[in-house]
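Notes follow the structure.
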Amino acid sequence: MQLQYFLLVAAALFCIGVFGLVTSRNAVRVLMSIELMLNAVNLNLMAFSNYVDPKEIKGQVFTTFIIAIAAAEAAVGLAIVLAIYRNRDTVDMEQFNLLKW
Amino acid sequence: MNLAEGVQIVSFGILAAAVLISALGVVLLKNVVYSAFLLGGSFISMAGLYFLLNADFVAAAQVLVYVGAINVLILFAIMLVNKQEEYVVVKGAGVRQVATALVCLGLFALLGTMVVSTPWAISSVAPAGDGSIVTIGIHFFTDFLLPFELVSVLLLIALVGAIVLARREFVPENLSPSGEDEALMLPERPREMVSSRDDK
């Protein structure tokens, strides 16, 4: 097993997340894409902690922090989606240009 | 992890394929409910990859937090906002998708070239393995103590903030003198009841 395989999988996952983030129309799907990108970052950190720093495993510590922050982000993001849905009666990202121009 | 090299490679291939295919399904499928369930599958396969990386504690935390909390939260949000709506056609949406796909492919090519061409300083020390949770705990309570406490405060703030954002502010026009207004006792009533009260 090699470090490069894991890094390539993480890079592919990150690119899929970016694609979903930019092209999705549904606001909940945008949040799911953000979770995918956070997972890609986690996989990167875990791979580095296993192959480059196997004694101290600080990467696993950072991954635990990122998991906690992802939970906070999901809660607040979904609350924002609910609030917007209540106000605008849609979850279409193209309609959410209130603060754009 | 005491697995043979061949077993590791085969399981890595299966798990990586599962992660990437379900991630593509999350992004590309039309039905957002299918996307949410595929997201759960992607998280579980990711936990398997963590097991391959000798990280049992983080794999368990991944299953507990991502699949148990975040995915369920997303499913609840989908159930709450799942209106079947026809999206308005936006001019140049196809061009935008193709351009985004090209940019993402270019980004992947760049990252892949960097990953393959960089000489990584691979350590030859035996990984912590089963003792990883002890090491993580030592880190949490010595050199990462401040971030650890900050994360707990952040989770509390996010909890309060999510409640404040998601709860419906509902202030009645005329309060009853006894203070036992029904609207104040039930601030989370659904919208139909609110409108029927206005009709009276």
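Throughout, a chain's letter reflects where its sequence line sits, starting with A, and its residues are numbered from 1. Values in this document were obtained by computation on a predicted structure and should not be read as measured data.
- Contact of B/Ala55 with chain A is made through backbone and side chain together, with heavy-atom distances under 4.5 Å.
- Interface residue B/Ser132: backbone and side-chain heavy atoms are both found under 4.5 Å from chain A.
- When the candidates A/Glu56, A/Glu73, A/Arg29, A/Gln4 are compared by the number of heavy-atom contacts under 4.5 Å with chain B, A/Arg29 comes out ahead.
- Contact of B/Leu39 with chain A is made through the side chain alone, with heavy-atom distances under 4.5 Å.
- In this structure, B/His139 and A/Val61 approach most closely via the heavy-atom pair CB-CG2, 3.7 Å.
- Taking every heavy atom of both residues into account, A/Ile16 and B/Ala23 meet most closely at CG2-O, 3.7 Å.
- In this structure, the portion of A/Gln95 lying under 4.5 Å from any heavy atom of chain B is its side chain and not its backbone.
- Counting heavy-atom pairs closer than 4.5 Å to chain B, the top-ranked of the candidates A/Ser24, A/Ala79, A/Ala83 is A/Ala79.
- Between chain B and the residues A/Val91, A/Val9, A/Val18, A/Ile80, the most heavy-atom pairs under 4.5 angstrom are made by A/Val91.
- Heavy atoms of B/Val151 lying under 4.5 Å from chain A belong exclusively to its side chain.
- Salt bridge absent: B/Lys91 and A/Glu94 never bring a charged side-chain N and a carboxylate O closer than 4.0 Å.
- When all heavy atoms of A/Met46 and B/Leu53 are compared, the pair lying nearest together is CB-CD1, 3.8 Å.
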Q: Go through A/Val81 and B/Leu80 one step at a time and tell me if the side-chain contact (heavy atoms from CB on, under 4.5 Å) criterion holds.
A: CA-CA 10 Å; A/Val81 169; B/Leu80 286 176; over 6 Å; no

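- The shortest non-hydrogen separation linking A/Glu35 to B/Phe43 is CB-CZ, 3.9 Å.
- Of the atoms belonging to B/Phe144, heavy atoms from both backbone and side chain fall under 4.5 Å from chain A.
- Heavy atoms of B/Asp143 lying under 4.5 Å from chain A belong exclusively to its side chain.
- For the residue pair A/Asn39 / B/Gln62, a side-chain donor-acceptor distance below 3.5 Å is found, with atom types taken as modelled.
- The neighbour count for B/Phe76 CZ, taken as heavy atoms of other residues, nucleotides or ligands under 6.0 Å away, does not exceed 12.
- One hydrophobic cluster, built from ILVMFWY side chains closer than 4.5 Å, cannot hold both B/Leu110 and B/Trp120; they sit in different ones.
- Between chain B and the residues A/Gly77, A/Ala70, A/Ala27, the most heavy-atom pairs under 4.5 angstrom are made by A/Ala70.
- Both the backbone and the side chain of B/Phe108 come within contact range of chain A, judged by heavy atoms closer than 4.5 Å.
- Residues B/Ile74 and A/Met32 come closest through the heavy atom pair CD1-CG, 3.9 Å.
- The main-chain N or O of B/Ala166 is found under 3.5 Å from a side-chain atom of A/Arg86 such that the two form a donor-acceptor pair.
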